[in-house]
Amino acid sequence: MTKADMVEVENLARSADDPSQAFLAVEEYMDSIHTIDLSENELAHYFVSSCLPRIIISLLKRSDLEEDVEERAYVFLESTLLFIARTIESGMEQLPLLLDEIFMERSHPFYINSISRSPCADIAEMADEEAGPGIFDDDGRSRRAIFAERQPGRLSARRGRGSCSEGRLIGNINAFGRYGGFRRLKEAVMQAADPSAISRARNLLSPLFEVKEYLTTDFIDWFMTVFHHVADNILLKLSDEDLKNEFRNVNDIVNSLCGLYRLSSNTKCQEAIDRLKLELALKGLRSRYLERRLSGLGEINDVLEALSVSSQQMLGEGRGGHDGAWPCWADPEFMSEWLKSNEVLEGIFVHNVHTEVLKRSRRVLLCLAEWGKLGEEEVNLMWESSLGKHESIQKLIIDLLGQVARHLRTVEALQGLLKLVTGLSHSAYTNQHIELVRRIACLMIQMENREESDVDHFMGVNILWEMVQDDFQLSLPELHNFCLQSFLGVLEMPDCRTVRGDYFKRCVENLRSHRSVPQSLMVMNRLFLTIAVKRKQPDINWASFGSVQDEQELLALVLADLVWYQRHPSADPKGEEDMSSVVVGGSYSRQEQLQQRLSFISSVLELDRGSLSAAHVDTLWETLVGHASHSAQRDLAFGWLEGLLRCRSTRDRILPVVERLFSHHICSLEPSSLSEVGFRLARYAMALVNWSNGWVEEVDGNCEAGTLRVLTAEELRGTPFLWEVAVCAHSHVVAQQAIAFLNEVYQSLS
């Protein structure tokens, strides 16, 4: 046959309604070819590499053949398989690829739409033949062996095939095997003895994977002796560069080997598969290419996930149900030792640290922690890897430490982690460090048998307390606030009930010594207003912690501190800076310092146990208004006083001295410079004073301008001051408001 004849035969085979003559010509030519011809005969090489594949592919794509022509096509496919079986040892890459196509039953219309119903008689003839893997090594006996048969338990996953094609396909598989095809294919795999043969090994294994659901267990047991050869001599010898370039072929080989091996009778096949995957995963993790590292770590995580599932099943069913045996070959002891001996943590946290690798390391860490194998050495390794790194890497590592902290079994381990954090300079703290301390503090106080241990289980709480003090200078005020909220959250836990008194005493000591006052006031406020409400104790006894006798002593302490703060040199910023932006004494601006003190006084008054005396009012006015450094501070005081008067829960605590506040202090203000906030205070205080003396009465229960009825104008307090404001105020808005208030007062005469 010439090349022109081949082209003519090929066209006939691909286009004729009945290509039987073309099939016959091709079969006759295949019979004439010897293995040696494929390397020496150019025409034979062209036939195998180009002509035959096109004929086969075109046939498999056809679905329009008549039944008798289809029968002829199956015979032609069998002849082609016999040709491949005879010549596969030639090494031509097209032969295993062509075999793969012929076995690819799920993808080709020829099989899917097959109408042939011819039985596969040769299987029945061999039903009584001797069995066992040894038969496949003997050339004579293998001609009677069963390589494939219908396997009902395996076929549920196969889709898209016509049931009519199944018997013929199984017959062709057996014909290929009996003609020595699988034996030569196995020999070819065994000859692929180095990483350079990775592509050929993939092509040789793929056809078996395609028909694995039909292959007999004896045959798979015989063939899968290639498993360790391919693993040890090809896959595990790949260089980093080869693993990157051949990654797809490696995956295909692993999938083929594992898919076939799982169908064998070898009880340790899963162990062999997992060990291979772990070794390949380790190679990937050690790669200098990020994609390979992520893939390798993913494979390790998959094995650990399977182990975790087995562990959960064991716990659910009870260890006795398994006779004490672990349901997975790789028990925690083996895996933890494997991770340690292969320095997996070093591969994640030391060598070429990357954020994406860190994000996927959680499973490894949690497994080690759950198994009690994450000790001081591993924690120190993780901690040291975060030092000096980019912020994103630090954040991830600290978050990981926080997640595994709950699995650390001893309070000593948690203390060790705390000491690592406290070893940092204050300016190096981030949100993640503070959150880590909070988590550890919660874990330590919740540990069982706390009373039996000499260890300070409140060490974490104490560290949080130290972190909220003024002399613990964090890099940002926001961090200080986050730290304070973390401390308050821990202090609210029921396990901290016994130490709340101690921290209340510390707050009072801070108040007496004028240190860390805003945060101390917030802690005291939370202890008595938030926690007490949750405990349903409306009658609060401030003396219960043994720090103060009653609310009046506490008010006196806060007022004394307020006076000290206002007169202290560091509390008075130079110039007319914005009060909200000037940070004085710790992490709080001047405005925040004053607001926290005033807010606490309001909270004490709201308890309905304390009250403001005339001396208190004089002190407050002199401190907040008389020594105000600029108008913003005076407006802050005016707004706070107005809030006390308007709030029903605090008005009664100040009502006995409201006339002194109005007559002696508010009316002494310079009318020309009165601000809008100051006038609002003056207007409401004037209405309240006259109402309390019975000179005006409320309408609708609201002591507000426009809702008052003036009973007598002769005794009305504040009208001269109101007149002065109306005619002298520099602010046009204040003057208009004063005039409007005057009109409302006299228009409401009864």
Given the side-chain rings of Phe182 and Phe223, with only the six-membered ring counted for Trp, is the space between their centroids under 6.0 Å?
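So the answer is no for these two rings.
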Looking only at the aromatic ring of each residue, does the gap between the centers of Phe83 and Phe176 stay below 6.0 angstrom?
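Not under 6.0 Å, so no.
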Test side-chain contact (heavy atoms from CB on, under 4.5 Å) applied to [X] - qualifying residues, sequence neighbours left out:
| X | value |
| --- | --- |
| Lys61 | Ile57 |
| Arg275 | Glu271, Trp329, Phe334 |
| Ser142 | Asp139, Phe147 |
| Ser385 | Phe349, Ile397 |

Over all atoms of both residues, closest heavy-atom pair of [X] and [Y]:
| X | Y | answer |
| --- | --- | --- |
| Ala85 | Arg184 | O-NH1, 2.9 Å |
| Leu235 | Lys283 | O-CE, 4.0 Å |
| Phe136 | Arg183 | O-CD, 3.9 Å |
| Ile170 | Arg150 | CD1-N, 3.7 Å |
| Asn113 | Ser63 | ND2-CB, 3.5 Å |
| Phe103 | Pro207 | CD1-O, 3.6 Å |

Yes or no on side-chain hydrogen bond (donor to acceptor under 3.5 Å, both in side chains) for Ser239 and Lys244, after CA distance, side-chain angles and deciding distance?
CA-CA 9 Å; Ser239 66; Lys244 173 179 178 293; over 6 Å; no
Among all residues two or more places apart in sequence or in another chain, which pass the salt bridge (charged side-chain N to carboxylate O under 4.0 Å, His left out) test with [X]?
| X | result |
| --- | --- |
| Arg286 | none |
| Asp399 | Lys395 |
| Arg406 | none |

I would like to know whether Arg72 and Glu27 meet salt bridge (charged side-chain N to carboxylate O under 4.0 Å, His left out); could you show each step before the answer?
CA-CA 12 Å; Arg72 181 65 180 89; Glu27 288 168 346; 2.7 Å; yes
So does [X] have more than 12 non-hydrogen atoms from other groups sitting under 6.0 Å from [atom1]?
| X | atom1 | value |
| --- | --- | --- |
| Glu8 | CD | no |
| Lys3 | NZ | no |
| Glu346 | CD | yes |

Test: salt bridge (charged side-chain N to carboxylate O under 4.0 Å, His left out). Region: residues 85-102. Which pairs qualify, not counting sequence neighbours?
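Applying salt bridge (charged side-chain N to carboxylate O under 4.0 Å, His left out) to every pair that reaches into residues 85-102, excluding sequence neighbours, yields Glu93-Arg200.
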Per the salt bridge (charged side-chain N to carboxylate O under 4.0 Å, His left out) rule, what does the pair list look like for residues 224-243, sequence neighbours excluded?
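Listed once each, the pairs are Asp240-Arg288, Glu241-Arg288.
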Residues Glu210, Arg106: salt bridge by 4.0 Å N-O rule
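Judged by the 4.0 Å cut-off on N to carboxylate O distance, Glu210 and Arg106 do form a salt bridge.
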Is the shortest side-chain N to carboxylate O distance from Arg293 to Glu356 below 4.0 Å?
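Looking at Arg293 and Glu356, the cut-off is not met.
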Do the side-chain N and O atoms of Ser256 and Lys212 include a donor-acceptor pair separated by under 3.5 angstrom?
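No donor-acceptor contact under 3.5 Å links the two side chains.
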Could you verify whether a donor N or O on one side chain and an acceptor N or O on the other, from Ser206 and Asn203, lie under 3.5 Å apart?
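Checked: Ser206/Asn203 side chains show no N/O donor-acceptor pair below 3.5 Å.
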What verdict does the salt bridge (charged side-chain N to carboxylate O under 4.0 Å, His left out) test give for Glu246 and Arg202, after you've listed the backbone C-alpha separation in whole Å, the side-chain angles of each residue and the deciding distance to 0.1 Å?
CA-CA 10 Å; Glu246 300 289 350; Arg202 180 262 178 204; over 6 Å; no
All N/O donor-acceptor pairs, side-chain side in residues 10-24, below 3.5 Å, sequence neighbours left out:
residue : atom : partner : partner atom : Å
Glu10   : OE1  : Arg54   : NH2          : 3.2
Glu10   : OE2  : Arg14   : NH1          : 2.9
Glu10   : OE2  : Arg54   : NE           : 2.5
Asn11   : ND2  : Val7    : O            : 3.2
Ser15   : OG   : Asn11   : O            : 2.6
Asp18   : OD1  : Ser20   : N            : 3.2
Asp18   : OD1  : Ser20   : OG           : 2.5

Hey, does the side chain of [X] reach the backbone of [Y] with a donor-acceptor pair shorter than 3.5 angstrom?
| X | Y | answer |
| --- | --- | --- |
| Asp221 | Ser265 | yes |
| Tyr214 | Ile173 | no |
| Ser295 | Glu291 | no |
| Asn342 | Val344 | no |
| Ser264 | Leu260 | no |

Once you round to the nearest 0.5 Å, how far does [atom1] of [X] lie from [atom2] of [Y]?
| X | Y | atom1 | atom2 | value |
| --- | --- | --- | --- | --- |
| Phe209 | Asn255 | CZ | CG | 6.0 Å |
| Leu278 | Ile300 | CG | CD1 | 7.0 Å |
| Glu299 | Asp274 | CD | CG | 9.5 Å |
| Asn41 | Tyr46 | CG | OH | 13.5 Å |
| Glu166 | Glu149 | CD | CD | 11.5 Å |
| Leu396 | Ser361 | CG | OG | 8.0 Å |

Got a sec, which pairs hit ring pair (Phe, Tyr, Trp, His ring centres under 6.0 Å) with one end in residues 225-270, sequence neighbours left out?
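Residue pairs with at least one partner in residues 225-270: Phe227-Tyr261.
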Member of Glu78, Glu71, Glu70 meeting the side-chain hydrogen bond (donor to acceptor under 3.5 Å, both in side chains) criterion with Arg168:
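Among the candidates, only Glu71 passes.
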Run the side chain to side chain contact (heavy atoms under 4.5 Å, CB included) test on Leu236 and Leu276 for me, step by step, so that the C-alpha distance in whole Å, both residues' side-chain angles and the decisive distance to 0.1 Å come before the verdict.
CA-CA 8 Å; Leu236 297 180; Leu276 172 61; 4.3 Å; yes
Stepwise side chain to side chain contact (heavy atoms under 4.5 Å, CB included) check, Leu81 with Tyr179:
CA-CA 9 Å; Leu81 288 172; Tyr179 206 68; over 6 Å; no
List the steps, then state whether side chain to side chain contact (heavy atoms under 4.5 Å, CB included) holds for Leu99 with Leu95.
CA-CA 6 Å; Leu99 180 64; Leu95 292 173; over 6 Å; no
My understanding is that only residues two or more places apart in sequence, or in another chain, count here; which of them pass ring-ring contact (aromatic ring centres under 6.0 Å, His included) with Phe47?
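ring-ring contact (aromatic ring centres under 6.0 Å, His included) check on Phe47 returns Tyr29.
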Could you walk me through whether Leu208 and Leu185 satisfy the side chain to side chain contact (heavy atoms under 4.5 Å, CB included) test, starting with their C-alpha distance in whole Å, then the side-chain angles of each, then the deciding distance to 0.1 Å, before giving a yes or no?
CA-CA 10 Å; Leu208 278 86; Leu185 191 148; 3.6 Å; yes
